Amino acid sequence: MNDGRKNLQIGDLVTHLLYGDGWIGMIISFREEIVGVNDRRNLKALVQIQPGTEHDKFFKRSATADRVNDNLGYVSVHWLFKIKEKNGNFRS
């Protein structure tokens, strides 16, 4: 079933297309916003940025509608990619 999640699941470690490997978060949940019938950017993931990473406190400057706190907020799944493990090492 293709619900727009790009094979992302709760608990996945993800990175952000624009910020690269220094942006590491864990998906906590998903929320759907009704923007239009064909708009795929209506699905957002609630992401906890991992403490001590380069973009710690990422959501401090986010819109209040997308921010829960400085390290927790919503990001369109369009920008997220699952970090995959290869030979015991995590790589995006």
Side-chain angles (χ1 to χ4, degrees):
M1 179 174 164
N2 185 5
D3 62 358
R5 291 188 190 188
K6 296 172 30 177
N7 294 320
L8 296 173
Q9 299 177 3
I10 293 171
D12 283 347
L13 285 177
V14 292
T15 188
H16 194 286
L17 178 68
L18 297 178
Y19 298 99
D21 293 341
W23 194 102
I24 299 172
M26 180 181 287
I27 295 177
I28 305 299
S29 68
F30 292 94
R31 125 179 134 185
E32 186 174 9
E33 295 179 344
I34 305 302
V35 177
V37 176
N38 294 322
D39 190 352
R40 293 185 148 228
R41 295 184 186 193
N42 62 349
L43 185 64
K44 292 186 175 186
L46 179 61
V47 176
Q48 171 74 49
I49 299 296
Q50 298 305 288
T53 59
E54 182 180 346
H55 293 280
D56 197 6
K57 312 274 188 237
F58 174 81
F59 294 103
K60 187 174 187 174
R61 60 186 183 271
S62 295
T64 55
D66 289 332
R67 179 178 58 236
V68 176
N69 62 43
D70 291 353
N71 279 350
L72 183 65
Y74 288 92
V75 178
S76 172
V77 296
H78 174 77
W79 299 107
L80 300 177
F81 292 90
K82 186 186 303 190
I83 296 174
K84 298 183 183 195
E85 185 178 348
K86 290 186 176 182
N87 298 329
N89 296 316
F90 285 102
R91 299 177 190 235
S92 60

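The structure displayed is predicted, hence computed values, not measured ones.
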Contact list for residues 50-61, test salt bridge (Lys or Arg N to Asp or Glu O under 4.0 Å), sequence neighbours left out: none
Pairs flagged by salt bridge (Lys or Arg N to Asp or Glu O under 4.0 Å) wherever residues 65-78 is involved - sequence neighbours left out: Arg31-Asp66, Lys44-Asp66
Partners passing side-chain contact (heavy atoms from CB on, under 4.5 Å) against Leu72 (at least two apart in sequence or in another chain): Ile28, Leu46, Gln48, Val68, Asn69
Value rounded to 0.5 Å, distance of OG1 in Thr15 from CZ in Phe81: 9.5 Å
Flag, side chain of Lys82 to backbone of Asn7, donor-acceptor distance under 3.5 Å: yes
For [X] and [Y], work out which heavy atoms get closest and say how close.
X: Ile27; Y: Leu8; answer: CD1-CB, 3.8 Å
X: Ala45; Y: Leu80; answer: CB-CD1, 3.8 Å
X: Phe30; Y: Leu43; answer: CB-CD1, 4.3 Å
X: His55; Y: Ile49; answer: O-CG2, 3.5 Å

Residues forming a ring-ring contact (aromatic ring centres under 6.0 Å, His included) with Phe58, sequence neighbours excluded: Tyr19, Trp23
ILVMFWY network linking Val47 to Tyr74, side-chain heavy atoms under 4.5 angstrom: no
